Amino acid sequence: MSDKNQEFPIDQELEAPLKKVRYPGFDMDILSMQLVTEARLLEGKAVIQLRPVSAPPEVREELENQIAAMVREATGVAEVEVHSPEPPQPKKQEEKGPHAIDGVKWVVPVASGKGGVGKSTVAVNLAMALSSQGLKVGILDLDLYGPSVPMMLGVTGVQPDAVGDKIAPIMAHGLKAMSVGFLIKADTALIWRGPLVMKAVRQLLHEVAWAPLDVLILDLPPGTGDVQISMAQEVPITGAVVVTTPQDVALTDAIKGVDMFRQVNAPLMGIVENMSYFNCPDCGSRHEIFGHGSVKPLCEKLGVPYLGEIPLDPTLRQLADLGQPKTVLESPAGEPYRELAKKVMAQLQSQD
Ligand SMILES: Nc1ncnc2c1ncn2[C@@H]1O[C@H](COP(=O)(O)OP(=O)(O)OP(=O)(O)O)[C@@H](O)[C@H]1O
């Protein structure tokens, strides 16, 4: 048995083939995702146990087939048993598997296939706009690798207190906020290994005193990786918002993002086109820098709601850097976010 996997017993001969298997729709292999909880070779038979993950039956089957094929090819064993259990029903408060966060009604992740497309900006301004409509809103920065929510909310250098056995979120502009950025020193580069990612995601979701909240917005890291799968394992998702720019390359990544949510059975609220166009304040003309308007047809093709467009607006960047989301919301630059919030709110309320 490998020393590296003391938490999850995995026979050494099975490590290499399991490392080759990627979860459908994700960039990572199932070992790095900590999806395999046990893998044994016993008397000519391989038995692989997976963690419960919410997934459509066809994805579960595809994963089981991939694992069996890789293990057979690498070890020559004829019999491979793969156990991939269904997660428990979300309403039951279980220790493992997705379960609702105490006192939180809706969970809305904001995701992007690619970095730098404005996902955190959308997450923060959407949270502000929903809060201005009277909802109790929280924002959780799950971008463990580059937390930017503290800066965007203008609350860097603060440290959360404890309340009972939970961490108290930081109050900022009427939002309850939590970020790894509050828990580690600025400029500390953290290297997140698989098990730590899962633990951090679980703690940030379930061990923060969020209640009572109508909606918790999650700012995810870009791409499809371990934070995303950990989130899907820990909490039932109400509906995800995918942010993209209209460029071809960003669109390809957005499709991957949409696919990822489908693979973990998470509903999608739709796609937002960010940095859609630029209204030049000097010449008054409109510039479509990244080729405006390609997201709407993409949504139609994918059968996903189109959530609107947000122009490239330099005041947005300046105010985000200064941590002044309230000023954004109350200015003309806040209009697209107010519109987005209306669409998101309509979808949330339709779930009641
Ligand atoms: N519509 C916009 N107009 C002008 N600037 C914008 C707009 N949206 C985002 N920005 C700016 O673009 C930069 C990247 O935005 P943001 O950090 O939100 O992206 P991201 O997708 O979360 O990036 P990453 O996840 O890679 O950190 C920031 O400086 C932000 O202020």
Side-chain angles (χ1 to χ4, degrees), residues 27 108-129 139-156 173 175 177 179-181 186-187 189-190 192 197 201 217-228 231 240-247 249-254 256-258 260 271-281 286-295 307-329 331-341:
D27 289 334
V108 177
V110 179
S112 67
K114 180 174 168 282
V117 297
K119 165 188 48 60
S120 302
T121 311
V122 169
V124 166
N125 290 306
L126 172 63
M128 290 294 295
I139 179 157
L140 171 55
D141 185 357
L142 278 180
D143 195 344
L144 308 182
Y145 308 96
S148 50
V149 168
M151 185 215 40
M152 289 187 180
L153 290 176
V155 280
T156 47
H173 312 281
L175 306 177
S179 167
V180 161
D187 306 330
L190 274 191
W192 291 95
V197 169
V201 170
I217 304 284
L218 310 179
D219 180 17
L220 294 175
T224 56
D226 44 3
V227 171
Q228 285 81 351
M231 167 200 69
V241 172
V242 172
V243 181
T244 185
T245 59
Q247 284 157 291
V249 52
L251 290 181
T252 313
D253 288 310
K256 271 175 87 179
V258 167
M260 169 190 79
I271 311 182
V272 184
E273 180 172 300
N274 190 31
M275 308 196 195
S276 195
Y277 55 90
F278 173 62
N279 287 327
C280 175
R286 173 172 161 138
H287 302 271
E288 298 183 347
I289 295 163
F290 298 125
H292 156 261
S294 42
V295 174
L307 294 176
E309 56 191 26
I310 301 170
L312 197 122
D313 185 337
T315 50
L316 266 177
R317 194 199 49 73
Q318 285 152 8
L319 292 169
D321 287 354
L322 292 170
Q324 295 182 359
K326 208 163 196 145
T327 316
V328 172
L329 192 67
S331 73
E335 181 55 24
Y337 300 106
R338 292 193 291 273
E339 284 304 310
L340 173 63

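Position 1 is the first residue of the sequence; numbering continues from there. Ligands are counted one by one from 1 in listed order, and the atoms in each one are counted from 1 as well. These numbers come from a predicted model, not from an experiment.
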Salt bridge (charged side-chain N to carboxylate O under 4.0 Å, His left out) partners for K256, two or more places apart =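 Expected list: D27.
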inquiry  = Can you list everything that forms a salt bridge (charged side-chain N to carboxylate O under 4.0 Å, His left out) with D219? Sequence neighbours excluded, please.
reply    =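 Residues passing salt bridge (charged side-chain N to carboxylate O under 4.0 Å, His left out) with D219: K119.
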request  = Answer whether the closest heavy-atom distance between the side chains of P325 and L153 falls below 4.5 Å.
outcome  =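 The answer is yes; the side chains approach within 4.5 Å.
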message = Is there a side-chain contact between V117 and M275 in this structure, where contact means two heavy atoms from C-beta onward sitting under 4.5 Å apart?
response =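 Answer no - side chains too far apart.
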query = What residues, two or more places apart in sequence or in another chain, satisfy side chain to side chain contact (heavy atoms under 4.5 Å, CB included) together with T121?
reply =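 For T121, the residues satisfying side chain to side chain contact (heavy atoms under 4.5 Å, CB included) (neighbours in sequence not counted) are N125, M152, Y337.
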key: Every residue of the protein that comes under 4.0 Å of ligand 1, judged on heavy atoms   =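 For ligand 1, the contacting residues are G115, G116, V117, G118, K119, S120, T121, D143, M152, P222, N274, M275, I310, P311, L312, D313, L316, R317, A320.
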query = Looking only at heavy atoms, what is the nearest atom pair of D143 and P221, with distance?
reply =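 Looking at all heavy atoms of both residues, the closest pair is OD1-CB, 3.5 Å.
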